[in-house]
Amino acid sequence: MKVYKLGRVGNLRSTTLFHAFARAGLYGLILVEPDDTYLSLGYFDNLQQVIDLERAKTLNIPIIRREVGGGTVLLSRGQVFYQLVVPKSLAPFKVEDAYKKFSQPVMETYRQLGIEVEYRPINDIITKGTKRKISGQGAGDIGKAFVFVGNILLRFDTQLMAELLKVPDKGLLKSLLDENISWVERETGSLPDFWDVAGLLEESFRKVLPLEGEGEVPQEILELADKLKEELTSEETLFEDTGRNHKLLKIREGIFLERESLRILRDKE
């Protein structure tokens, strides 16, 4: 398996590429930064309950549905995504154990960037002191592959995220996001570039996986990714009835907003 450090990519390839890898049976670690701004729905998300469609349309924000779990994600420049596509034999049988195992290289990367973090089951990494979410992750099977994806947040636009989620009080949501989400620039005052962060991620993931050398994405995989964009952004896929009822909006693991009453629910830390 190789490492694919791609830098900034557009045309929603920061989501479609890992699907193309998995569908084609190509394994490796993809490191990428979005060159566009868009929303990625989790596999089980109900679009009409989760997203403010009118606002997304007004702001010209595209929406795609990925085939792995986790919540709705706002992708944009200033985020470094790690996307692991491996044979199922290389992933722990229990998805909880997979999250725990593959979160370790990410946590090591944050520490090398000067931020002390901890794992918050099942799919968040949070800052140690303030308990703010600084990385959200998703996982699942696509074809014969196990896929694990997440991001290193270098910077994040909480205002735009609040605008795009479907809640009756955007101001309250913005304040909750500010209280519970963080990013590298906020924590350290500095903004590393993609290549610095990608190098740290590569080094850390090599300690837990048999990654050998760097690869170039084959042209047929790029073409498949662009073809999958049509499928994953189609109305049929986006408006699919997942059977999920989203009464609660997860701000981070342990903190939820009740959509209708705007009640804030907190688990015991």
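This structure is a prediction, so every number in the text was calculated from the model and none was measured.
Using a cut-off of 4.0 Å between Lys/Arg side-chain N and Asp/Glu carboxylate O, E231 and R23 are scored as salt-bridged. Between R77 and D36 there is no salt bridge, since no side-chain nitrogen of the basic residue lies less than 4.0 Å from a carboxylate oxygen of the acidic one. Salt-bridge formation is not detected for the pair E230/K227: no Lys NZ or Arg NE/NH1/NH2 atom is positioned less than 4.0 Å from an Asp or Glu carboxylate oxygen. Between E253 and R120 there is no salt bridge, since none of the side-chain N atoms of the basic residue sits less than 4.0 Å from a carboxylate O of the acidic one. With respect to E108 and K207, a salt bridge is recorded, a charged nitrogen being found less than 4.0 Å from a carboxylate O. A salt bridge does not link E118 to K128: none of the charged nitrogens lies less than 4.0 Å from a carboxylate oxygen. A salt bridge is absent between K100 and E96; no separation between the charged side-chain nitrogens and carboxylate oxygens falls under 4.0 Å.
For F18 and F81, the ring centers sit 6.0 Å or farther from each other.
Distance check: I134 CD1 to I126 CD1 gives 10.5 Å after rounding to the nearest 0.5 Å. The CD atom of E67 sits 11.5 Å away from the OG1 atom of T15 when rounded to the nearest 0.5 Å.
Contact annotation: the side chain of I255 never approaches that of K131 to less than 4.5 Å [non-hydrogen atoms, C-beta and beyond].
Here the closest non-hydrogen pair linking N151 and Y82 is N-CE2, 3.3 Å.
Ring geometry for Y4 versus F21: interplanar angle over 60°, hence perpendicular rather than tilted (30 to 60°).
In the model, N46 has no side-chain atom that pairs as donor or acceptor with a side-chain atom of T242 under 3.5 Å. If you check the side chains of K229 and N11, you find a donor sitting under 3.5 Å from an acceptor. Side-chain contact of S14 with Y38: a donor-acceptor pair under 3.5 Å is present, judged by distance alone.
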Take D124 and R252 through the test salt bridge (charged side-chain N to carboxylate O under 4.0 Å, His left out) and record every step on the way to the result.
CA-CA 7 Å; D124 284 354; R252 68 162 176 83; over 6 Å; no

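Test V32, D226, V217 against R13 for side chain to side chain contact (heavy atoms under 4.5 Å, CB included) and you get one pass: D226. Residue L257 is tested with L172, L248, L165, D169 for a side chain to side chain contact (heavy atoms under 4.5 Å, CB included); the sole match is L172.
Follow the hydrophobic side-chain contacts under 4.5 Å out from V95 and you never reach F44; the two are in separate clusters.
Of the possible donor and acceptor atoms, one in the side chain of D193 sits under 3.5 Å from a partner among the backbone N and O of W195.
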